[in-house]
Number of protein chains: 2
Amino acid sequence: MYNRATSITCNSMNSKNLNPNVSVDCVVFGFDNERLNVLLIEQKPLNKSIKPQSALPGDLVMEDESLDQAANRVLRELTGLKGIYLCQFKAFGDPQRVRDVKDLAWLQTYREYPQARVITVAYYALVKMHDFSPEASSFADKVYWCDVHNVPPLAFDHNQIVIEGLKTLRREFEAHRIGFELLPKKFTLSQLQRLYEIITDKKFDKRNFRKKILRENILIPLPEKQQGVLHKPAQLYEFNLRELAELGAFNGDTVEIY
Amino acid sequence: MYNRATSITCNSMNSKNLNPNVSVDCVVFGFDNERLNVLLIEQKPLNKSIKPQSALPGDLVMEDESLDQAANRVLRELTGLKGIYLCQFKAFGDPQRVRDVKDLAWLQTYREYPQARVITVAYYALVKMHDFSPEASSFADKVYWCDVHNVPPLAFDHNQIVIEGLKTLRREFEAHRIGFELLPKKFTLSQLQRLYEIITDKKFDKRNFRKKILRENILIPLPEKQQGVLHKPAQLYEFNLRELAELGAFNGDTVEIY
DNA sequence: CCAAAAGTGTTCTTGTTACACCCATGA
DNA sequence: TCATGGGTGTAACAAGAACACTTTTGG
């Protein structure tokens with residue numbers, strides 16, 4: 001049972017005029033040339049005896065910001081990350097999604113209306129892990145990257161959100177050409193193939209992959225080779241940004257907020 | 001400025017315990033062998049002098065129902081339609097989306113908290129128009145089908161929602177094989193081609209279309225022809241439901257609610 | 001016999017799959 | 001000289017695009 005004042009009214013308890021019924025959650029995937037990871041935070045437990053729980057970075061939406069703005073703000077506040085293109089993929093609204101006993105202590109500590117029903121709007125993003133060094137904020141004890149194949153039990157319905165986010169990511173990655181910011185400026189075709197294989201979770205034939213990718217005319221061979229490797233050094237390439245832009249490869253069809 | 005009681009509290013003014021911050025809107029597309037239409041309702045104006053405004057069927061979510069349930073309930077209550085597979089496609093959360101002066105009168109008449117910020121979760125569906133006879137409810141003066149090329153100015157941000165719904169519909173229609181319930185049981189290849197052309201808003205070559213569709217093995221030719229037409233009568237077909245089911249053609253990958 | 005829509009085949013190009021061996025380097 | 005990953009070509013097949021004339025019916 002709860003009672004609240006929102007909107008134009010500013011509740012004195014609550015410097016941040018939050019909407020108690022709507023949140024955003026961010027499924028940020030990070031690629032590190034080896035594995036696909038997802039960004040998690042560890043909730044600060046109520047008291048030290050309670051085992052801390054992991055969760056997606058997410059929080060209530062403020063009354064005067066859009067959903068896109070909220071997603072960017074929340075990610076920045078909880079993890080320090082900014083300048084990441086977040087793409088909305090689904091709203092989760094099961095009436096019981098914040099009612100599990102495992103989440104009660106956290107809700108009572110951090111939410112003004114712990115009983116409020118919360119619908120969450122989920123966003124995903126894909127970044128180069130080493131470009132971003134997430135840092136824990138006051139709300140979270142830790143922020144860490146976690147292999148998508150090894151996600152622990154998370155708060156609320158966040159495991160389901162991760163799964164649906166992954167599905168969306170893979171669908172989008174195969175359909176459009178997202179994810180070209182994930183490699184070093186100069187890279188080899190094998191690195192690119194590994195990127196494709198890790199994200200789509202499929203294997204490709206080396207010759208066919210190279211044929212296909214070179215045919216698309218989005219790579220520029222450089223007058224350089226790998227150095228210091230203990231095998232035949234590979235040709236280095238960079239992306240043809242002009243071509244990619246024409247194909248609408250960057251950031252879907254919406255506009256960046258931050 | 002508003003104050004409210006929700007959730008476990010049942011407000012005596014409000015037999016239906018609605019969440020003031022979250023709504024659902026339904027973009028129901030109807031195909032009538034000629035055109036693609038969208039289902040609209042006409043809002044009951046506050047007083048007779050105000051020009052009535054059209055809108056998508058939509059309303060606030062109840063505290064104890066899921067978003068999918070809400071979408072189905074709202075559509076049924078406002079238009080009488082049920083048994084329609086609704087698919088969530090996007091949440092709209094601009095803080096100003098219910099702040100336009102054009103919508104003030106309606107909000108003040110029908111909403112307990114007219115100032116509340118409302119995030120809406122939009123659903124789309126595609127049905128055979130003549131299978132459904134929408135009927136106006138107490139909340140709406142009229143319910144009617146409207147050619148998607150001629151949508152009038154709508155309440156709130158509903159024009160934008162229709163546009164995004166159409167984009168989603170077309171993308172899904174081309175990707176998967178939805179929409180096979182839209183033709184009569186027995187139909188001609190020309191009818192099927194017209195369906196494709198109207199929904200995707202493209203033209204196809206007759207020979208190539210037939211080759212492609214027959215190759216897929218989803219049609220069964222019937223020992224029957226058209227009758228009473230003033231030209232060469234066409235072969236009739238029916239769908240190979242067994243094949244279609246295997247291809248996962250029906251209703252995406254989620255489960256029907258009602 | 002006319003109007004109207006049905007029905008039909010070929011060619012060209014492009015993309016997809018499957019598959020196995022030699023090459024350049026540093027240790 | 002060896003281990004390691006880099007680099008290459010061909011054949012078979014499937015899918016997509018372009019294109020024009022004959023057929024059957026009712027009026």
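By convention in this document, chain letters (A, B, ...) are assigned in the order of the sequence lines, proteins followed by strands, and residues within each chain are numbered from 1. Keep in mind that what you see is a predicted model, and the values were worked out from it rather than measured.
What separates CD of B:Q193 from P of C:dT8 is a distance of 14 Å, to the nearest Å. What separates CD of B:E224 from P of D:dT24 is a distance of 20 Å, to the nearest Å. Atom NZ in B:K206 sits about 14 Å away from atom P in C:dA4, given to the nearest Å. The interatomic distance linking B:K211 (NZ) with C:dT10 (P) rounds to 10 Å, in whole Å. Here C:dA20 presents its C1' atom at 11 Å from CG of A:D205, a figure rounded to the nearest Å. Taking atom CG of A:N208 as the reference point, atom P of C:dA18 lies 8 Å away to the nearest angstrom. Following rounding to the nearest Å, B:L230 (CG) and C:dA6 (P) show an atom-to-atom distance of 11 Å. The distance between atom CZ of B:R207 and atom C1' of D:dA18, rounded to the nearest whole Å, is 8 Å.
B:Q235 comes within 4.0 angstrom of sugar-phosphate atoms only, judged by non-hydrogen atoms across all strands, and of no base. Among the protein residues, B:R210 comes within range of the nucleic acid bases, having at least one heavy atom under 4.0 Å from a base atom. Here A:S190 lies in heavy-atom contact (under 4.0 Å) with sugar-phosphate atoms only.
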* Test side-chain hydrogen bond (donor to acceptor under 3.5 Å, both in side chains) on A:Y144 and A:N37 and set out the steps. => CA-CA 9 Å; A:Y144 64 101; A:N37 299 276; over 6 Å; no
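In this structure, the nucleotide among C:dA24, C:dA5, C:dG15 sitting nearest to the side chain of B:H231 is C:dA5.
Using a cut-off of 4.0 Å between Lys/Arg side-chain N and Asp/Glu carboxylate O, A:E164 and A:K90 are scored as salt-bridged.
A:Q226 places a side-chain N or O within donor-acceptor distance of the main-chain N or O of A:A234, the cut-off being under 3.5 Å.
Mapping B:K212 and A:P233 onto DNA chain D by nearest heavy atom places A:P233 closer to the 5' end of the strand.
When A:L56, A:L67, A:I161, A:V27 are each tested for a side-chain contact (heavy atoms from CB on, under 4.5 Å) with A:Y123, only one passes: A:L67.
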